[in-house]
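These notes concern the structure reproduced below.
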Amino acid sequence: MLEIKNVSKTFNEGTVNEKRVFEDLSLTLNDGDFVTVIGGNGAGKSTMLNLVAGAYTVDGGSILIDGEDVTNLPEHKRAKYMGRVFQDPRTGTASDMWVEENMSIADSRGHKRGLRWAITGRDRERYKEQLKLLSLGLENRLSTKMGLLSGGQRQAVTLLMATMKKPKLLLLDEHTAALDPKTAAKVLEITDQLIRENHLTALMVTHNMRDAIAHGNRLIMMHAGRIILDISGEEKKNLTVEALLEKFSQTSGSEFSSDRALLS
Amino acid sequence: MNIFLNWLGTLPGAASQGLIWGVMAIGLYITFKILDVADLTVDGSICTGAAVCVVLVTKGVNIWIAMLAAFVAGALAGLVTGFLHTLLGIPVILSGILTQLMLWSVNLLILGGSNIALTRLKYGDKVLFTSDSSPESAQIYITLGILLAISAVIIAVLYWFFGTELGISLRSTGSNLEMSRAQGINTNFTKVFGLALSNAIVAFSGALLAQQQASANINMGKGAIVIGLAAIIVGEAFCMKATTNFAVRLLFVAVGAIVYWFVYQTVIFLGLPSELLKMLSALVVAIFLGVPYLKKRLFSKKKGVKKHA
């Protein structure tokens, strides 16, 4: 499904701020994998997602989706393969446009945007049906400006927008980090539901070890631009936070460097 | 009483002026409000539209074709700004200034001088409307009718366009660039398209302005962006709470332009020296643009104040 092959990436090369994130990163996702990604600050989790999405370009190596090389495709052309949800709830939707307008933008993803009227009565009914599945009461707020919704509601709509075209790949970049615990749990529940119902392949970055363990069928841990743990199947099901921390210090030779992950 | 009647007599002229600048402001609205960029190309492209239209009419070309040519010329000017911005990575304000400067030369070349007059005797029956403003003439009302119809058509077409998939992708580009790319929108394309469309409409308003003034002049675009911004701001002040419907918003931009010219005429009528008018327009725009910022600062300092002023 997704193949990251020998990817390297350095920011600000040749300056005092040079930061080498990846030297040789490789990762393969199988069809239907729901992979949670965990790691300390600066491990390269978000950078990996942004490289896959095309927000950054790789220095070396290649990225393949379903066998097709997308390494040189610009971000907007890769969008037809993937849905994305960001950490900041404001990033995933257009604040000063209506809920239905936001959904229609996602609805056009992957085909040419022409002079067709964007939202017909039938589209509206379809959006309502989909919003109803979130059970947040948003089906009655199609013509509310997105900016008036709460962070959790916006993330839920962003998730819907990311999945409504059944993408080959779903990229979740700490999409619950900015939410309060109760809302975060609700959004994660919706995430699970949408991934299950649409049989999606997903990559979810999180700071929360418990979430990383509880969700998905495979867990990878990153440190300093390398994947130091890759656990799936029965072994993943039996994981605990303590075991994970121990494995981390064993393989990386250092303490886990994120307070946020330890406290939550 | 006589003075009042005299003042009243200036209003139809101000209304026609306002309608023409309303078209210009609607064009500017596309970049300033929808794409969320300040495009200074318009100071040049309004004159380009006027020049193209006038030159073609003096060469015997049908007025509708001349106006269409003005529209296309404006679109080309917008394309230049768009390419400077997206292909060369020049900030959009600077791109607009560069194009505006190029257009100064282009406009001089088109005009073949600094001014071309469309004398009423010679071309009066070849243009849509003329500048005949003698009180006994019904011409001004015909002019107003034509301008109203043109404004209505432009608003209707834009309302339709910004409801299409392409139009919505332009709006989302201005609202959230990152999200737009993530949803597969080629934001460079939408930016260039918006700049071209905006300048096409602005140049079209230049063609109208040239007919109303019965001339095209190299200086006619100077400060156009300020007048357009004033119209947008005044229009928004009027419809702020009324509605969010897009067509109504555009309508109020046109209303804003008419109000602007009413005020302008009145101020002149009351004897303000005309040298000060541009200063006045700029100050009004500066105040209106600054108020939201000041309001925010004021309210964030005082805690516990009710949220909506």
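Below, chain A is the first sequence line, B the second, and so on; all start at residue 1. Just the heavy atoms: all of them, side chains too, but no hydrogens, waters or symmetry mates, feed the values below.
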- Message: So, taking the atom named CD1 in I119(A) and the one named OG1 in T164(B), what distance separates them when rounded to the nearest 0.5 Å?
- Response: 11.0 Å
- Query: So which heavy atom on G163(B) is nearest to which on W117(A), and how close?
  - Reply: CA-CZ3, 3.7 Å
- Query: Would you say F189(B) and H76(A) make side-chain contact, with heavy atoms under 4.5 Å?
  - Reply: no
- Item | R116(A), part contacting chain B, at a heavy-atom distance under 4.5 Å | both
- Query: Hey, are the side chains of I105(A) and M179(B) touching, using non-hydrogen atoms and a 4.5 Å cut-off?
  - Reply: yes
- Query: Looking at A106(A), S143(A), S108(A), G114(A), which makes the most heavy-atom pairs under 4.5 Å with chain B?
  - Reply: G114(A)
- Message: Within the supplied structure, the quantity of interest is the number of heavy atoms (other residues, nucleotides, ligands) at a distance under 6.0 Å from F161(B) CZ; does it exceed 12?
- Response: yes
- Heavy-atom pair with the smallest gap, counting every atom of A79(A) and R181(B): CB-O, 3.8 Å
- Task: Report yes or no: does N176(B) contribute a side-chain atom to a donor-acceptor pair with the main-chain N or O of R90(A) at less than 3.5 Å?
- Result: yes
- Query: Is the number of heavy atoms from other residues, nucleotides or ligands under 6.0 Å of F288(B) CZ greater than 12?
  - Reply: no
- Task: Tell me, for T158(A) versus chain B, whether the close heavy atoms (under 4.5 Å) come from the side chain, the backbone, both or neither.
- Result: neither
- Query: So which of T187(B), I168(B), N186(B) has the largest heavy-atom pair count under 4.5 angstrom toward chain A?
  - Reply: N186(B)
- Task: Below 4.5 Å from any heavy atom of chain B, which atoms of K112(A) appear? Answer side chain, backbone, both or neither.
- Result: backbone
- Item | Nearest-0.5 Å distance, CD of residue Q183(B) to CD of residue E75(A) | 11.0 Å
